[in-house]
Number of protein chains: 2
Amino acid sequence: MNSKDIAKIVGVSRSTVSRVINNYPDIPPATREKVLKAIKEYNYYPNASARRLVGMKSSTLGLFIIDIRDNEEPHHVIENNEDLLYGNSFFSPFINAFIDQSNKAQYHVLVSTVYSSGELWKIQSAFCEKRIDGAVIIGSSNDDYKKITEIVDKDFIMVAVDLDVEEENAGKVMSVNVNNYGGVSDALEYLIELGHRDIGIITGDLSKLSGKVRFDSFKHTLSRHCLPLREDFIGYGDFTEYSGYEAMKKILISEKYPTAVFVSNDTMAIGAYRAIKERGLKIPEDISVIGFDNSYISQYMSPPLTSVNVSLPEIAKCSIDLLLESINNNEIKPIQKTVDVEIIKRNSCRKIE
Amino acid sequence: MNSKDIAKIVGVSRSTVSRVINNYPDIPPATREKVLKAIKEYNYYPNASARRLVGMKSSTLGLFIIDIRDNEEPHHVIENNEDLLYGNSFFSPFINAFIDQSNKAQYHVLVSTVYSSGELWKIQSAFCEKRIDGAVIIGSSNDDYKKITEIVDKDFIMVAVDLDVEEENAGKVMSVNVNNYGGVSDALEYLIELGHRDIGIITGDLSKLSGKVRFDSFKHTLSRHCLPLREDFIGYGDFTEYSGYEAMKKILISEKYPTAVFVSNDTMAIGAYRAIKERGLKIPEDISVIGFDNSYISQYMSPPLTSVNVSLPEIAKCSIDLLLESINNNEIKPIQKTVDVEIIKRNSCRKIE
DNA sequence: CTGAAAGCGCTTACAG
DNA sequence: CTGAAAGCGCTTACAG
């Protein structure tokens with residue numbers, strides 16, 4: 001069943017069929033009805049490839065999840081649930097939200113994973129093969145993104161999510177970021193309000209935007225409030241649970257430990273909880289903990305974790321808006337958007353005197 | 001840059017360029033080299049639509065997540081993190097695994113959500129528009145799947161995941177399922193081994209395969225061991241956390257309550273834990289709990305939940321194998337596969353005398 | 001071994 | 001208002 005068949009059935013030309021499909025004006029209602037009826041009756045759908053070939057959009061957005069670990073095997077496939085962990089806490093909900101919002105905007109979405117630099121060509125090829133009209137890149141470090149911009153043509157429509165825009169690229173790239181800076185200062189000010197003065201931090205991966213900015217904001221906010229930053233109150237993590245565990249253990253080594261700790265994401269907070277409990281300390285009685293991301297699990301931790309909520313659906317929405325505007329106007333306006341953030345108070349922080 | 005350009009550059013015809021791209025034999029190595037070199041140098045990628053149009057595969061698999069709630073608004077978009085919950089525990093990790101495995105098999109994946117019966121045409125259209133070569137359908141109840149088979153042509157290649165195959169369809173449909181039956185009987189036998197005799201159950205949504213089979217297996221296994229099934233030890237849930245909470249409250253109403261409860265999925269176990277704690281009971285001292293799915297969160301519950309592990313990556317692998325075989329041979333062999341299951345023992349079940 | 005040509009299914013100037 | 005025709009970029013018999 002193709003447009004020719006429909007044309008024959010209705011007794012018009014393919015041009016006319018095409019015109020009603022594409023909502024041209026100047027088609028007499030009667031003709032339009034007849035064509036529509038035949039289309040429905042014969043269950044006809046225009047071939048997407050043929051449409052693409054004559055220059056129409058593919059109506060497809062690409063979503064590239066970058067998780068490069070070049071030191072490991074080239075294409076590491078998720079073999080067990082443990083590997084899914086990483087995806088689960090941040091990427092997965094974002095993927096869902098992105099698909100959902102794209103679908104709502106009448107776009108298909110093509111999802112791909114990139115596990116090594118050697119797979120970066122996937123992005124370029126999806127564009128060159130004309131499979132997608134635009135793409136979101138998520139999960140890349142600044143280094144990775146640099147590589148991407150080297151490989152992928154500059155005139156393809158991409159928005160980078162959760163990515164630091166380097167000076168050289170600023171004004172050239174579309175991106176949407178979480179208000180990491182504000183979120184951390186809010187979190188800290190909340191702790192300070194509760195009376196805390198000895199506040200520690202578990203940092204994230206400092207090569208990622210979120211890791212770096214959260215640490216910076218922590219330092220600035222502390223000094224703005226004239227509070228000291230003690231080196232032994234800093235634990236360096238990399239966003240994984242285990243690193244959170246180790247970092248917290250390190251912080252708790254000395255006999256004087258902070259009364260509150262800001263943990264740069266919830267996944268590390270899980271590890272931190274474990275270290276605190278192993279040390280025989282109670283949350284929040286002995287030590288208050290605040291996380292970041294408000295991931296699914298935080299509400300179920302004991303005690304439920306106070307955390308900075310990042311609205312993944314809102315990030316998805318912003319990215320798609322940027323993408324679609326760019327696609328429709330066929331121009332790349334280098335806009336940086338920031339999505340705001342809010343503290344979800346639960347029971348892991350207490351007031352002290 | 002298209003095949004004509006490459007042809008001109010190399011000094012051959014487009015036919016030849018096409019032949020080297022498609023690995024035809026009988027091309028002199030020298031020619032092949034030259035063409036490959038130009039392709040690389042000019043960063044040429046063949047247009048996927050044009051290839052599709054001349055009959056090649058689209059190299060794309062569809063993944064349709066069915067979550068029909070017709071009583072709610074037609075297209076409910078995920079607006080807040082709470083909505084993501086449902087996706088998180090089961091779908092999300094599956095989506096990840098599916099994308100990963102498809103990518104590894106050199107396939108793209110097009111993901112779509114279906115939130116109402118009115119959107120079921122999306123499946124048909126993706127096929128008819130020739131966007132995909134095959135598709136996995138997940139999350140549908142038997143009713144939903146029936147509707148799907150009514151709408152979607154029988155000659156499209158689909159595999160149903162976690163779906164009951166009705167008698168009338170058996171032998172016509174490709175599907176992969178979890179060994180729900182074996183998983184539940186294993187779980188129960190584990191409890192029995194620990195000395196439990198008064199065992200309760202919180203059922204899932206009985207209109208879904210997993211809900212129904214888990215309940216059936218529970219009843220059969222109990223009777224095989226000559227253990228009674230007390231009506232007041234049964235709580236009816238629907239796989240959501242809140243339903244688990246309510247169901248457990250109902251079970252705990254009478255003064256005699258079971259020493260162990262099988263909960264049909266981990267999400268409901270979260271609710272069940274809450275109800276048990278509110279009642280002032282301890283897990284596993286007063287009551288043992290075993291879940292199903294071994295979802296991400298189960299290890300972090302307190303106490304960590306013993307659960308039946310379902311290997312989502314393995315399900316993904318099976319589905320893709322089925323799909324690819326069907327696509328390559330261009331025939332639908334109605335095969336039903338079952339993925340095995342294993343108990344992950346943690347601290348929510350205790351031995352009793 | 002290789003090129004010229006047909007054809008995949010559409011859309012869109014162009015002409016009427 | 002509508003049809004005939006060109007053309008999008010490929011692949012694949014066909015002929016040589």
Side-chain angles (χ1 to χ4, degrees), chain A residues 1-36 38-39 42-60 108 124-133 153 330, chain B residues 1-36 38-39 42-60 108 124-133 153 330:
Chain A
M1 184 63 37
N2 58 30
S3 69
K4 212 168 172 177
D5 297 328
I6 296 290
K8 199 176 297 168
I9 289 163
V10 182
V12 294
S13 71
R14 285 149 75 208
S15 316
T16 301
V17 172
S18 178
R19 287 190 186 101
V20 346
I21 289 171
N22 293 293
N23 274 313
Y24 275 53
D26 293 346
I27 306 271
T31 311
R32 181 183 300 277
E33 290 313 318
K34 275 192 299 184
V35 172
L36 253 19
I39 286 177
Y42 291 89
N43 208 14
Y44 164 68
Y45 290 89
N47 182 308
S49 295
R51 303 184 91 185
R52 225 337 300 172
L53 201 54
V54 294
M56 304 194 81
K57 304 290 179 199
S58 65
S59 301
T60 305
H108 289 87
Q124 171 82 352
S125 97
F127 275 112
C128 288
E129 294 178 359
K130 300 285 192 310
R131 291 179 183 272
I132 54 176
D133 299 330
D153 287 1
N330 203 18
Chain B
M1 186 59 42
N2 58 32
S3 70
K4 213 169 173 176
D5 297 327
I6 296 291
K8 201 177 295 169
I9 289 163
V10 182
V12 295
S13 71
R14 287 149 72 209
S15 315
T16 300
V17 172
S18 178
R19 288 192 187 101
V20 346
I21 289 173
N22 293 294
N23 276 312
Y24 276 53
D26 294 346
I27 306 269
T31 312
R32 180 182 302 276
E33 289 313 318
K34 276 192 299 182
V35 173
L36 253 19
I39 287 176
Y42 290 89
N43 208 12
Y44 164 69
Y45 290 89
N47 182 308
S49 296
R51 304 184 92 184
R52 219 347 290 176
L53 203 53
V54 294
M56 303 194 82
K57 304 289 179 198
S58 66
S59 301
T60 306
H108 290 88
Q124 170 81 351
S125 98
F127 275 112
C128 288
E129 293 178 359
K130 300 283 191 306
R131 291 179 184 272
I132 55 176
D133 299 330
D153 287 1
N330 203 20

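Within every chain, numbering begins at 1; the chains are lettered A, B, ... in the order of the sequence lines, protein sequences first and strands thereafter. In this text the structure is predicted, and so the values were computed from the model without any measurement.
When the P atom of D/dG9 is taken as reference, atom CZ of B/Arg19 falls 20 Å away, rounded to whole Å. Atom CD1 in B/Ile21 sits about 11 Å away from atom P in D/dT12, given to the nearest Å. Rounded to whole angstrom, the span from the CD1 atom of B/Ile27 across to the P atom of C/dT2 amounts to 6 Å. Distance NZ (B/Lys4) to P (D/dT11): 15 Å, rounded to an integer number of Å. In this entry the distance linking CZ of B/Arg32 with C1' of C/dC1 reads 12 Å, nearest Å. When the C1' atom of C/dG7 is taken as reference, atom CZ of B/Arg14 falls 12 Å away, rounded to whole Å. Across the protein-nucleic acid pair, A/Ile6 atom CD1 and C/dG9 atom P stand 13 Å apart, rounded to whole Å. Summarising the geometry, the separation between CG on B/Asn23 and C1' on D/dC10 is reported as 16 Å, rounded to the nearest angstrom.
Comparing D/dT2, D/dA13, C/dC1 against the side chain of B/Asp26 picks out C/dC1 as the nearest. The side chain of B/Tyr44 approaches D/dC10 more closely than any other nucleotide in the set C/dT11, D/dT11, D/dC10. For A/Arg51, the side-chain atoms get nearest to C/dC10 when compared with the rest of C/dC14, D/dC1, C/dC10. Listed nucleotides: C/dT11, D/dG3, C/dG9. Nearest to the side chain of A/Asn2: C/dG9. Side-chain atoms of B/Asn47 lie closest to D/dC10 of the nucleotides C/dC10, D/dC10, D/dT2.
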Side chain to side chain contact (heavy atoms under 4.5 Å, CB included) between A/Ile21 and A/Tyr44, worked out: CA-CA 11 Å; A/Ile21 289 171; A/Tyr44 164 68; 3.6 Å; yes
A/Lys8/A/Val17 under side chain to side chain contact (heavy atoms under 4.5 Å, CB included): CA gap, chis, key distance, verdict: CA-CA 10 Å; A/Lys8 199 176 297 168; A/Val17 172; over 6 Å; no
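Contacts of A/Ser3 with the nucleic acid, taken as non-hydrogen atoms under 4.0 Å apart, involve only primed sugar atoms and P, OP1 or OP2. A/Arg52 comes within contact range of no nucleotide atom at all, as no heavy-atom separation falls under 4.0 Å. Across all strands shown, B/Thr31 has heavy atoms under 4.0 Å from sugar-phosphate atoms exclusively, and none from any base.
Of all nucleotides present, none satisfies the Watson-Crick or G-U wobble test against D/dA4 with each distance under 3.5 Å. Shown here, D/dA13 forms no base pair; nothing in the strands shown gives a Watson-Crick or G-U wobble contact with both key distances under 3.5 Å.
Phosphate proximity of D/dC1 to A/Thr16: absent, as no side-chain N or O sits under 4.0 Å from OP1 or OP2. The phosphate of D/dT12 has OP1 or OP2 within less than 4.0 Å of a side-chain N or O from B/Tyr24.
Looking at A/Ser15, its side chain comes within 3.5 Å of the base of D/dA4 through a donor and an acceptor atom.
A/Ser3 approaches A/Arg14 most closely through the heavy-atom pair OG-CG, 3.7 Å.
At least one side-chain heavy atom of B/Asn43 sits less than 4.5 Å from a side-chain heavy atom of A/Asp153. Residues B/Thr31 and B/Val20 are not in side-chain contact: their nearest non-hydrogen atoms beyond the backbone lie 4.5 Å or more apart.
A/His108 pairs in a side chain to side chain contact (heavy atoms under 4.5 Å, CB included) with only one of the listed residues (A/Ile132, A/Asp133, A/Thr60), which is A/Thr60.
Heavy-atom distances to DNA chain C give each of A/Asn22 and B/Ser13 a nearest nucleotide, and the one nearer the 5′ end belongs to B/Ser13.
For the C1' atoms, the distance linking D/dG16 with D/dT12 amounts to 16 Å, nearest Å.
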